[in-house]
There are 2 protein chains.
Amino acid sequence: MSTDTAPEPAEQPPGNGPTPELPAAVQRLWGDAAPRRRGPKPALSAAQIVQAAMDLADAEGLAAVSMARVAEAVGYTPMALYRHVSGKDELLVLMSDAVARDLPELPAGLDWRAGLEAWTRAQIDMGLDRPWFLDLPLSAVLPGPHRMRWMDQAFGALRSIDLPADEKLAIIGLLAQHVLGEARVHVESHRAAVQRVRREAGLPDGTPESELDPAAIEAAAPYADFEAVLARYAAPAVYPHLFESFSTWTGTVEAAPGADDVTFGITVVLDGVEAYLRRRGAIPDDES
Amino acid sequence: MSTDTAPEPAEQPPGNGPTPELPAAVQRLWGDAAPRRRGPKPALSAAQIVQAAMDLADAEGLAAVSMARVAEAVGYTPMALYRHVSGKDELLVLMSDAVARDLPELPAGLDWRAGLEAWTRAQIDMGLDRPWFLDLPLSAVLPGPHRMRWMDQAFGALRSIDLPADEKLAIIGLLAQHVLGEARVHVESHRAAVQRVRREAGLPDGTPESELDPAAIEAAAPYADFEAVLARYAAPAVYPHLFESFSTWTGTVEAAPGADDVTFGITVVLDGVEAYLRRRGAIPDDES
DNA sequence: GGTAACTGTTTATGTCCTACGCGCTTTAGT
DNA sequence: ACTAAAGCGCGTAGGACATAAACAGTTACC
C-alpha cells in the first residue's frame, strides 16, 4: 500500500549553486537534505511518520492527526518526530504530496478533452477517497515530486494544443480548483446527509456512520436542509426568486438527463475551456 | 459598520409544528429561540460576540479567533460567551452568515450572464477582502438569512431562464464553488508572494507585510516557486511534458489578452454554463 | 581516544476549548 | 409582596494540543 515506485527525488545536481530561495518544506519534499552521517542510525524516518499520519487521517480524519497520536502510532514519543519533520506544518506538506502518489497513470492516446476529463475525474475520486485531503490548508499544497508528476500528465493531455505554457497553466489551475470544490461539496453533502439521518433517528451526534442505515443516507436528499429552511423560515416577500423557482419543486432531484453531479461540473467547465481554445485558435472550429 | 438592515428573521410562524429536524446552528441562525424572559437582562448578545469575532478575524485572521480573545474583545470572560453561543462551532456558523450581509445588492435589469458575472465577482471580491472566510470549514457554511438572500439574487439573475429549480441550483452551486476556489488561490498566491519576498530579503517569517516593499510583492511572479522547482529539482526525463511546455517559457506571465486571472476563470465557467443552457434549449441559439 | 554530530527522551510552557458549579439578578406566579 | 425558578456572568479546572530546551546515549571521523 505504500511502495514508492513513483519518481524518486532526482539525483541532486551538485553544481546548481547554493540552495535557492525556496520554502524549506519544498526542499524537504525533494529530498534536499545535507547527507551528514555521524550519529546513530535513525530508527525512525520521515516516510514512516508520513505513512502513519496518512493512515490515521484515512481512519479518523485530519483532526485526528496530532503529533501525539502519530507518535503513538509509530511507537515513539511525540518529540521524536521533530527530528525528522520540522513541525506539524511540514508533516502536512509531506502528506499532501504523498497523496498524489496514488493517482493513476492516465491512458495514453486520449485527445485533450478526454485526457483532461480523466485527469479531473481521477482527482475528484481521490478527494472522495481521502476527504482529509480537502481539509488541508492550501499552504500545505506545494509542488512536490508526485504532484509535479500529476501536473506533467495534465500538460501531456494538452500536448497537441498550441498555447503558451502560462495559458495551459491557467487552464489546469482552473480544473484543479474545480476538483477541490467539487470533491469538497460531495464530501460535505455526504456528511450532512449522515448528520441528517442521525438527527431523524434521534441518535447522538457521535454515532459512527457504520451504525446507520446506508439506504437512509443514500436517500437523504442533498438539498433537504436548504428546502426545509426555505419552507420553515424564509418569507416569500424577502426571497421572491427562490420562492418562484421552487414553487414547482418536486423534491426529487432529477439532474440533467443521464448526468450525475460530477459529470455536470466537468462538462460545463470543459465546455468553457473548449470555447476558450476555439477563441484562441488553438483547436479547429469543426472539431466535435 | 454593523447596522443590520438586511432581512430580519421572519416573524416565527407559530403553527408550523414542532421544531423540525434542522441543525441547531441553523435554528439559531434564524433567530429561532425560545423567547423566555425570566432572568436578568443579558448585557451581552450573540450579535456583539459575532461582531467582535469578525473584527478580530479581519485584523488578524481566523486563527486569532479564540473564545478567549473574543471574550477579551467584548470585555467579558471566556465562559460568558457560552451563554449566547453554544460553542466555537456555532460562532463560526454565525460569522459565516454575517459575512454575506455585506454583499451588495445587484443592479436590476441585467441579463442572466451579466447578472451571474456580477454575482460571482462580488463574492470573489468579498473573499479577497475577508480571507478568513476561506478558512472556515465548509460545515460552518449553512443556509442563514443573509446567505439565502444572496442565493435569491442568483436565482433572480436566472429569472428569465426556463429551467427546473434543481438545475438552476446546480449552476449556482458550480459558480459558488468556483468563487471559493478562485478567491482561495488568489489569497494563497498573495501569501506565497509575501513569503517569497521575505525569504529573498532575509527577513524573519513573522515580519508583517506592512514592512515589506509593496512593489516587490506585486512583482513576485505567481509561479515563481513552481518554476524554481522545475529548474532545480525536476529531471526532464520524469517530467517530459512540463519541460516541453516550459522550454519556451519567458518567465513573464502575459495572460490571455487583456484579462486578469479572475476574468479568465469567470469567462470560462460562464461560457460552459452558456453552452449548457443552449443545449437545454433554455436560451436561443442566436443570443450573443 | 577524543570529539563532534546526531539520536530519541524527558520536562515544561503556553494556548486552546469547554464541563461544571457558584452566586447574583430578574421575572412569573401566587 | 413574596417566593421560586430561570437566566446571567464568572471562577475553577481538566484535557488536548504544538513545541522549546536541556539531557543522555550512540556513532563516525580525525
Side-chain angles (χ1 to χ4, degrees), chain A residues 24-25 28 33-50 52-53 56-57 60-95 132 135-137 139-140 204-206, chain B residues 24-25 28 33-50 52-53 56-57 60-95 132 135-137 139-140 204-206:
Chain A
R28 185 84 49 121
R36 301 169 185 170
R37 324 184 164 281
R38 193 79 90 103
K41 295 171 200 165
L44 197 53
S45 75
Q48 279 174 67
I49 294 173
V50 171
L56 246 171
E60 302 183 47
L62 193 63
V65 177
S66 72
M67 297 305 266
R69 302 253 346 238
V70 172
E72 187 190 16
V74 292
Y76 288 84
T77 55
M79 291 311 292
L81 308 187
Y82 287 85
R83 293 276 179 225
H84 304 270
V85 158
S86 75
K88 191 176 182 181
D89 289 350
E90 195 176 285
L91 175 56
L92 295 180
V93 171
L94 296 178
M95 289 171 72
W132 56 265
D135 294 330
L136 287 175
S139 59
D205 264 23
Chain B
R28 185 83 49 120
R36 303 169 186 170
R37 321 186 163 280
R38 194 78 90 100
K41 294 171 198 164
L44 198 53
S45 75
Q48 278 175 67
I49 294 173
V50 171
L56 246 171
E60 301 182 48
L62 193 62
V65 178
S66 73
M67 298 305 265
R69 303 255 343 239
V70 172
E72 187 190 15
V74 292
Y76 287 84
T77 56
M79 290 314 291
L81 307 187
Y82 286 85
R83 293 274 178 214
H84 305 270
V85 159
S86 76
K88 192 177 183 180
D89 288 350
E90 194 176 285
L91 176 55
L92 295 181
V93 171
L94 296 177
M95 289 171 72
W132 56 264
D135 294 330
L136 287 175
S139 59
D205 263 23

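These figures come from a predicted structure and were not determined experimentally. Lettering follows sequence order; numbering is per chain, from 1.
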Distance-only donor-acceptor pairs under 3.5 Å for side chains of residues 69-77 of chain A, two or more places apart:
unit_1, atom_1, unit_2, atom_2, d
A:Arg69, NH1, A:Glu60, OE1, 3.3
A:Arg69, NH2, A:Glu60, OE2, 2.8

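As a whole-Å value, the separation of B:Glu72 CD from D:dC10 P is 14 Å. Separating the OH atom of A:Tyr76 from the P atom of C:dC6 is a distance of 19 Å, rounded to the nearest angstrom. For the pair B:Arg83 CZ and D:dC10 P, the interatomic distance rounds to 11 Å; values are reported in whole Å. If you take CG of B:Leu81 and C1' of D:dC8, they are 13 Å apart, rounded to a whole angstrom. Regarding B:Glu60, its CD atom lies at a distance of 11 Å from the P atom of C:dC16, rounded to whole Å. Between the CE atom of B:Met79 and the C1' atom of C:dC16 there is a distance of 13 Å, rounded to whole Å. The distance from atom CE of A:Met67 to atom P of C:dA12 is 21 Å, rounded to the nearest whole Å.
When all heavy atoms of B:Leu81 and B:Leu44 are compared, the pair lying nearest together is CD2-CD2, 4.1 Å. Between A:Val65 and A:Ala53, the closest heavy-atom pair is CG2-O, 3.6 Å. Shown here for A:Ala57 and A:Met95, the closest heavy-atom pair between the two residues is CB-CE, 4.0 Å.
For A:Arg69 and B:Ala43, each mapped to the nucleotide of DNA chain D holding its nearest heavy atom, the one lying further toward the 5' end belongs to B:Ala43. Residue whose closest nucleotide on DNA chain C sits further toward the 5' end, between B:Pro40 and B:Tyr82: B:Tyr82. DNA chain D is contacted by both A:Ala64 and B:Ala80; B:Ala80 maps to the nucleotide lying nearer its 5′ end (nearest heavy atom per residue).
In this structure, A:Glu90 contributes its side chain and A:Ala24 its backbone to no donor-acceptor pair below 3.5 Å.
With distances taken from any side-chain atom of A:Thr77 to the nucleotides C:dT9, C:dG8, D:dG11, the minimum falls on C:dT9.
Within residues 86-94 of chain A, no residue approaches DNA chain C, by heavy-atom distance under 4.0 Å.
OP1 and OP2 of D:dC8 both lie 4.0 Å or more from every side-chain N or O belonging to B:His84. Contact check, A:Ser66 against D:dC17: a side-chain N or O comes under 4.0 Å of OP1 or OP2.
Listed by chain and residue number, A:His84 satisfy the side chain to side chain contact (heavy atoms under 4.5 Å, CB included) test with A:Pro42 (two or more places apart in sequence, or in another chain).
Taken to the nearest 0.5 Å, the OG atom of A:Ser139 stands 8.0 Å off from the CG atom of A:Leu92.
Not a single donor-acceptor pair, N or O on each side, falls under 3.5 Å between the base of D:dG7 and the side chain of B:Arg38.
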